[in-house]
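Residue numbers start from 1 in every chain, and the chains themselves are labelled A, B, ... in the order their sequence lines are given, proteins ahead of strands.
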Amino acid sequence: MENIQQFLGTTGFANLTAGNVVMIVIGIAFITLAIRKHYEPLLLVPIGMGIIVGNIPLTKEMPLGVDNQGGIVVRDAEILTEESELPDGTKVEQVQYNFGSVLGYIYFGVSQGIFPPLIFLGIGAMTDFSTMLSNPRLVMLGAAAQVGVFLTFLGALYLGFAAPEAGAIGIIGGADGPTAIFLAAKLAPGLLGSIAIAAYSYMALVPVIQPPIMKLLTTEAERKIRMKPPREVSKAERIVFPIAAFLICTMLAPGALVLIGMLFFGNLLKESCVTDRLAQSARTSMIDIVTILLGFSVGASTAAKNFLQTESLLIFGLGALAFGIATAGGVLFAKLMNLFLTEKINPLVGAAGVSAVPDSARVVQMVGLEEDPENHLLMHAMAPNVAGVLGSAVAAGILWSALAS
Amino acid sequence: MGFDNITEANGLGIAVAGITIVFAALVFISVFIYLLPILLSVFPTTEATSAASEPGAPTSTPTAADEEIVAAIAFALHQRDA
């Protein structure tokens, strides 16, 4: 009888909290959104399932979870005991995972910032920079949208977050999940779960968040502006670009080296035409495997006791603000550019500067078609879209350099 | 909390410097992209060579030297077999 009671005490039912139930419902909501609404299914299904897995209550004796439940502490690849202090006397506060927990080991790729650069390699191998190369003016829209990152950084500071945490929260405005995870892992590992979930949630909700802002800030006549078709780009331009752009970005912001380096390395594999096998692997099998591991383990890191905090709600609020400001920044900057240009830009394409490739470009196309069914903006929107990826990676590098100390 | 936190962390300075550097990076990239076709026309690239090496690209016509080499190889093979 005593054994049965002991066993019952270890079941999930005995240890389930209201917070766990809330998180499991959130996980199911993510999966439902992905399946019924097709909102970023490749991300929301792994994350949603991860959330459900991460909220099954565990006992300390079972090393199964991601977070530290009687586990060990790792810093700079050195395994330390939980009570350890670093040589300089500071308390250990870095990565914590369960010794012997498979999920903990997978999460190591997130907490140490290993997965995001690999995803960037895959993105680079599937990105065609031709539209950007054919219309360099549109690159500026990718920069303008990054204003959301830095204004949200100030907002987070105002709300009392420490500077590194504020930087990691601000990057949600870059609308780039891997970049947000990378920077959070470096600057604010304690907030990584909340930041990752906020970033991916808002990326999935691009079709809901962006259109009202785009319509609010533009007139009907502006939304109907037609742009010249992009010119043909030579093979030599496409090969030279990744090397030159890498040098430009990393010389200005060395902190962006890893993300930008992998992005352009992937693109060079694609454009060189002599490494087709590598490019093919990077943009298919590899990015798929890493996305599964990253999404699932990030989801599993959102145990209710860590995730359902006031801080998480603030992060979600600031994330929405960041996304809104970034969208508005891109649209308004396009309108500003139109004051000086003879060949006008449709300001809707400015909204694609928030990165979120390719969803924000698709949203631009969708909103443009609502006004003029024959005005296809997708190709034009891809230019600020890929420029936004560069801009958010550079912004992450700058914040990392400025706030790491 | 509040503006004091922004001031203490030098938040305004970091934000202004940050957005300036992002703009600078993308302005440089934009200018480079604009100049790239001009630079490539000044410094001819291996585009023709690479195009020829692509599958399905027309092969070059054999020159007189090529024909002499083929003839020499054929003669050597004939001598060996004889």
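- Considering all non-hydrogen atoms of both residues, B/Ile29 and A/Cys249 come closest at CD1-SG, 3.5 Å.
- Both the backbone and the side chain of A/Leu157 come within contact range of chain B, each with at least one heavy atom under 4.5 Å from a heavy atom of that chain.
- Note: B/Gly18 leads B/Ala24, B/Gly18, B/Ala25 in heavy-atom pairs under 4.5 Å with chain A.
- Enclosure of atom CZ in A/Phe265 is not indicated, since only 12 or fewer non-hydrogen atoms of other residues, nucleotides or ligands lie within 6.0 angstrom.
- Minimum heavy-atom separation, B/Ser30 to A/Pro136: OG-O, 2.8 Å.
- Taking CG of B/Leu36 as the start and CZ of A/Arg238 as the end, the distance is 11.5 Å to the nearest 0.5 Å.
- Heavy-atom contacts from other residues, nucleotides or ligands closer than 6.0 Å to CZ of B/Phe23 number more than 12.
- Of the atoms belonging to A/Ala256, not a single heavy atom falls under 4.5 Å from chain B.
- A/Ile248 touches chain B through its side chain: at least one heavy atom from C-beta onward sits under 4.5 Å away, while N, CA, C and O do not.
- A/Gln146 and B/Ile19 make their closest contact through C-CD1, 3.8 Å (heavy atoms, listed as atom of the first residue, atom of the second, distance).
- Within the 4.5 Å cutoff, the side chain of A/Leu399 has heavy atoms near those of the B/Ile14 side chain.
- The CD1 atom of B/Ile33 sits 13.0 Å away from atom CZ of A/Arg137, with the distance rounded to the nearest 0.5 Å.
- Neither the backbone nor the side chain of A/Phe246 comes within less than 4.5 Å of any heavy atom in chain B.
- For A/Phe161, the part lying near chain B is the backbone, with the side chain staying farther off; criterion is any non-hydrogen pair under 4.5 Å.
- The two residues B/Leu26 and A/Val139 have their closest heavy-atom pair at O-CG1, 3.6 Å.
- By the neighbour-count criterion of 12 heavy atoms within 6.0 Å, atom CE of A/Met337 is densely surrounded, having more than that number from other residues, nucleotides or ligands.
- With a threshold of 4.5 angstrom between heavy atoms, A/Met251 does not approach chain B through any atom at all.
- Counting heavy atoms from C-beta outward, B/Phe32 and A/Val240 have side chains that approach closer than 4.5 Å.
- Options A/Val394, A/Val233, A/Leu133 differ in how many heavy-atom pairs under 4.5 Å they form with chain B, and the most are formed by A/Leu133.
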>> Run the side-chain contact (heavy atoms from CB on, under 4.5 Å) test on A/Phe150 and B/Val16 for me, step by step, so that the C-alpha distance in whole Å, both residues' side-chain angles and the decisive distance to 0.1 Å come before the verdict.
In response: CA-CA 8 Å; A/Phe150 294 100; B/Val16 171; over 6 Å; no
